[in-house]
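Below is one structure, written out as C-alpha cells; the observations come after it.
Keep in mind it's a predicted model, so treat the numbers as computed, not measured. Residue numbers begin at 1 in each chain, while the letters A, B, ... track the order of the sequences.
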Amino acid sequence: MQLYNTLQRKKEVFVPQSAPDVSMYVCGVTVYDQCHIGHARAYVVFDCLRRYLSHLGYNVTYVQNFTDIDDKIINRSAQLGEDCQVLTERYIQAYFEDMDALGIQRANIYPKATQHINEMLDLIQSLIDKGVAYEAQGDVCFDVTQYDSYGALSGKILEDLEAGARVDLNQNKRNPLDFVLWKAAKPGEPFWDSPFGKGRPGWHIECSAMAMCHLGHTIDIHGGGQDLVFPHHENEIAQSECGSGKPFANYWVHNGFVTIKDEKMSKSKNNFYTIKELLSQFSGPVLRLYLLQTHYRHPLNFSIEGLAAVNQAYARLQSVVDAGYPLDVVSENTSFESLEASFFTAMDDDLNTAAALGIIFDMVKLINKCQCGTGVLLRLLTLLGISVRPSDLDQSDEVAALIEERRVAKKNKDFQKADAIRDQIRSEFGLLIEDTADGVRCKPVS
RNA sequence: GGCGGCAUGGCCAAGUGGUAAGGCAGGGGUCUGCAACACCCUUAUCCCCAGUUCGAAUCUGGGUGCCGCCUCCA
C-alpha cells in the first residue's frame, strides 16, 4: 500500500524493513484530563491503519505510550491535592473506556514514561558522551546545532526558526531552540535521582527511549497528530538518531486536526468536545464512522449536525444488517467482486477511508437489491473497525404485550388502535415498530 | 517574518489530465391499511483570472479567502 510520509512529503509504497513484521509507534496521550474528539480521531485512524496492515498480512507490533509525568500532570495533581500516580491511573482507565467504545483494538504494549526512566537516562548519558547534549544548572539540554538534519521532518530551517523564535525563559540554554532532556526538580515536585541530579525527564526523550526499548533502533511507522511534527517529532529524531546512529523511523504518518468552526480545538478557546459527552448522544460506531468519512490527513471540521447526519447514515448500515439476508453472495452478481476490489484500492491509496466508505454504501445498495451478501459488507466494515450490531432489541414484557395487542388490532383491521399503540411504544419506550414480511421489527429511534 | 495546507451541489465529503463517488437534507414515484425500511428517478462543471493541452476540478502563473505550525497540544 501507499502511505504519505511526512519526511518525504509524498506518498510512498510502504515497505517494512523486515516483512512480515511491522513496528509501529504512535504518540499517546498525556493522562491528566478526559480525551476529546481530536484524540479520538488520531487513535481511530491509527487503529484503522493497524487493522489494514494486519489484513495485508503484516505482523504488526503496535506500541502506544502514556505520558504520565509532565508539567500539566504535576499542576493538576497539586490543584486536586491528588497523588500524580492516582491521577494518571484514573485517566488511563478513562482513556481505555473511550477507546473501547470507539472499537479500538488494544495496542500490544502501552509503556509509561515513569517506567522507562532508566532507558531515558542511558540515552541522555550517551548524548552527553557524544557531545550533542550538555548539562546546565541541573538541566540537560540537547544542542540542536550538533545535528545537521535538524528540521528535515518539519521543513524548518534553523536560521528561520531562530529569527522567529519566541522568548524562552530558560536561560540555561545555549540556543533558544535547544530542548530539555532532563529537567531539574523544583521543590515539591516528583523527581528521580540521576547522574545529573534530582529531576524528571523532558517530554520528547520518553518517546525515543520507549520506542527504541520496545521496537528497536529503527521503527517502520511512527505516527501522531500533525501538531506533533514540530517540535516533538523533530526532537525525537534528533535525539534518537544521535543516540543510535541509525534512522529512527522510516515512515512518519500524521493525522490532520479536528477543528470546530474552522478553528483548532483548544482548551483556552473552550471549543472542544470530550469523547464521553459525545458518547452520551451518539454510539461509538457512529462516532467512528463520522471520523473515517474524512481522509485522515485533511482537517475535519467537527459539528454536531454533521454527526447527526452520519447517525442517519449508520442507520442505513444497521437496517441492511437487520434485514437478515444470507451472508454469502448467492446471486450471479459479480458487482460484489468489483466493489470489493475498489474498496481495497481505496484503502491501499494512503488509507483513503472516505472513498472506501463511499464503496461501502454502494455495496449496501447492492445488498438491498439482490438480498444477499451481507457477509462481504461486514468483513469490510470490520477492517474499518465499524461494528454494526442488529438493532433488534430484547423487548420488555410490557413492549411485547403491546406488540401483540397491536397485532390483534391489525388483524381486526382496527388500524386506528394499531397506530395508537405504535405511537405509544415510540413515545414511551423510544422504539420504532416496523412491519416487515417476517413480522414486526422493533428498533430504537435513531 | 519563515514554512505548510485548504477552497467541489443546501450541508458533509471522495476524486490530481479524459467530460464530477458516497452520505445527510430536499423533490417526485414504487411498495405499505398507514408508516418505517428498501428500491427507482431527480438537484454541481468544481473560489476568480490567465496559460499549457485535442482535452483540466485535476498541471503552470497570478489573485482572493480561510486555516495550521514556528509555544503545551492528537
Under the salt bridge (charged side-chain N to carboxylate O under 4.0 Å, His left out) test, which residues partner D362(A), sequence neighbours left out? none
Could you tell me whether H232(A) contacts a base, only the sugar-phosphate backbone, or nothing, with contacts defined as non-hydrogen atoms closer than 4.0 Å? nothing
Please determine whether any donor N or O and acceptor N or O are separated by less than 3.5 Å between the side chain of K156(A) and the base of C69(B). yes
Looking at residues at least two apart in the chain, or sitting in another chain, which of them share a ring-ring contact (aromatic ring centres under 6.0 Å, His included) with Y251(A)? F14(A)
Is S319(A) near enough to A38(B) that one of its side-chain N or O atoms lies under 4.0 angstrom from OP1 or OP2? yes
Output a table of nitrogen or oxygen pairs between the protein and nucleotides 23-28 of chain B separated by less than 3.5 Å.
none

Please list, chain by chain and in numerical order, all residues satisfying salt bridge (charged side-chain N to carboxylate O under 4.0 Å, His left out) with E305(A), sequence neighbours excluded. none
Check salt bridge (charged side-chain N to carboxylate O under 4.0 Å, His left out) between K369(A) and all other residues, then give those that pass, not counting sequence neighbours. none
Pair listing, salt bridge (Lys or Arg N to Asp or Glu O under 4.0 Å) test, anchored in residues 427-440 of chain A, at least two apart: R406(A)-D435(A), K410(A)-D435(A), E434(A)-R441(A), E434(A)-K443(A)
ring-ring contact (aromatic ring centres under 6.0 Å, His included) involving H55(A) - partner list, sequence neighbours excluded: Y52(A), F344(A)
Identify the stems formed by RNA chain B, where each pair is Watson-Crick or G-U wobble with both distances under 3.5 angstrom and a stem is at least 3 consecutive pairs. B:1-7 with B:64-70, B:10-12 with B:22-24, B:26-30 with B:38-42, B:47-51 with B:59-63
At 4.0 Å (heavy atoms only), tell me whether Y290(A) reaches a base, stays on the sugar-phosphate, or touches nothing. nothing
Take nucleotides 31-36 of chain B nucleotide by nucleotide from the 5' end and write B, S or -, depending on whether a protein heavy atom sits under 4.0 Å from the base, only from the sugar-phosphate, or from neither. --BBBB
Base, sugar-phosphate, or nothing: which does G38(A) touch, judged by heavy atoms less than 4.0 Å apart? base
By ring-ring contact (aromatic ring centres under 6.0 Å, His included), which residues pair with Y290(A), not counting sequence neighbours? F302(A)
Return the set of residues passing salt bridge (charged side-chain N to carboxylate O under 4.0 Å, His left out) with D33(A) (not counting sequence neighbours), or none when no residue passes. R76(A), K267(A)
For N352(A) and for V29(A), find the nucleotide of RNA chain B with the closest heavy atom, then tell me which residue's nucleotide is more 5'. N352(A)
Suppose we screen for side-chain contact (heavy atoms from CB on, under 4.5 Å). Which residues come up paired with E398(A), at least two apart in sequence or across chains? S396(A), F429(A)
Any base atoms under 4.0 Å from G223(A), or only sugar-phosphate, or nothing? Heavy atoms, all strands. nothing
